[in-house]
Amino acid sequence: MAETKYESQVCSIPNSAENVYRVLSNLDNLNRVKDMIPQDKVQELEVHPDNIRMKVDGLGQKITIRIEDTIENDTIKFGTEGIPMQANFWIQLKQVTPSDTRIRLTFKADLPLMFKMMLDKKIQQGLDDAAKMLTQFPYNQWL
């Protein structure tokens, strides 16, 4: 096993870090975009303010993603339960101007070499897609 770290591309959100942080640090807001989640990939989604549980295609069991630590207006760190490896990820925010916050997602996991070879591109693409999706949320409307 090797600890592997992936980082999304840096994306720009036309909003303040405070507003983005308030929305993203409350996982209940996922209920607003449930319909955008591919039903063939994620089933039985349960959303709570500090964690989500779901059944992910290919894993066969429910996994939990939980907020483990936050730095206000800066970082949201998540841990995972129910997956066959140690993994965590975090969202980093950097306010450039009051109406421009940069976001980057980071994922770190202890991946067996075979999994790394099979999942490398999918994990990277997933992080980049998720970062882009987070730029589209109407943060001011969700406060």
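Here, residue 1 is the first one in the sequence, and each next residue gets the next number. Hydrogens, waters and symmetry mates are skipped; everything else that's a heavy atom, side chains included, is used.
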| message | Taking the ring centre of each residue, are F137 and W142 less than 6.0 Å apart? | response |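 They qualify: ring centres under 6.0 Å apart.
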Can you find a pair of side-chain heavy atoms, one from [X] and one from [Y], that are under 4.5 Å apart?
{"X": "L27", "Y": "F78", "result": "yes"}
{"X": "T106", "Y": "Y6", "result": "no"}
{"X": "Q141", "Y": "L143", "result": "no"}
{"X": "I63", "Y": "E81", "result": "no"}
{"X": "I91", "Y": "I103", "result": "yes"}
{"X": "I123", "Y": "T4", "result": "no"}
{"X": "I67", "Y": "I76", "result": "yes"}

Inter-residue atom distance [X].[atom1] - [Y].[atom2], 0.5 Å rounding:
{"X": "T70", "Y": "L24", "atom1": "OG1", "atom2": "CG", "value": "12.0 Å"}
{"X": "F107", "Y": "W90", "atom1": "CZ", "atom2": "CH2", "value": "10.0 Å"}
{"X": "Q95", "Y": "N19", "atom1": "CD", "atom2": "CG", "value": "9.0 Å"}
{"X": "C11", "Y": "Q136", "atom1": "SG", "atom2": "CD", "value": "9.5 Å"}
{"X": "K108", "Y": "N88", "atom1": "NZ", "atom2": "CG", "value": "6.0 Å"}
{"X": "L30", "Y": "L45", "atom1": "CG", "atom2": "CG", "value": "7.0 Å"}

Could you report the tightest heavy-atom contact between [X] and [Y], atom names first, then the distance?
{"X": "S12", "Y": "D100", "answer": "OG-OD1, 2.6 Å"}
{"X": "R22", "Y": "N29", "answer": "O-ND2, 4.3 Å"}
{"X": "N51", "Y": "R66", "answer": "ND2-NH1, 3.4 Å"}
{"X": "L93", "Y": "A17", "answer": "CD1-O, 4.0 Å"}
{"X": "M85", "Y": "D110", "answer": "CB-O, 3.4 Å"}
{"X": "N15", "Y": "T101", "answer": "O-OG1, 2.6 Å"}

Do [X] and [Y] get their side chains close enough for a donor-acceptor pair, meaning under 3.5 Å?
{"X": "Y21", "Y": "T75", "result": "no"}
{"X": "Q125", "Y": "D129", "result": "yes"}
{"X": "D128", "Y": "S8", "result": "no"}

Do [X] and [Y] belong to the same hydrophobic cluster, where Ile, Leu, Val, Met, Phe, Trp and Tyr are linked whenever their side-chain heavy atoms lie under 4.5 Å apart, directly or via other members?
{"X": "V10", "Y": "I13", "value": "no"}
{"X": "L111", "Y": "I83", "value": "yes"}
{"X": "L113", "Y": "L119", "value": "yes"}
{"X": "V23", "Y": "I71", "value": "no"}
{"X": "V33", "Y": "Y139", "value": "yes"}

Decide if atom [atom1] of [X] counts as having more than 12 heavy atoms of other residues, nucleotides or ligands within a radius under 6.0 Å.
{"X": "Q86", "atom1": "CD", "result": "no"}
{"X": "D35", "atom1": "CG", "result": "no"}
{"X": "K94", "atom1": "NZ", "result": "no"}

Fill in: Pair Q9-K132, side chain to side chain contact (heavy atoms under 4.5 Å, CB included): steps then yes or no
CA-CA 9 Å; Q9 56 188 279; K132 287 177 194 170; 3.5 Å; yes
Would you call K62 and E46 a salt bridge, using N to O less than 4.0 angstrom?
-> yes
Could you check whether any side-chain N or O of [X] sits under 3.5 Å from a backbone N or O of [Y], counting only pairs where one atom can act as donor and the other as acceptor?
{"X": "D69", "Y": "K77", "answer": "no"}
{"X": "S99", "Y": "T97", "answer": "no"}
{"X": "T80", "Y": "A87", "answer": "yes"}

The residue among E7, R102, R104 that forms side-chain hydrogen bond (donor to acceptor under 3.5 Å, both in side chains) with Q92 is R104
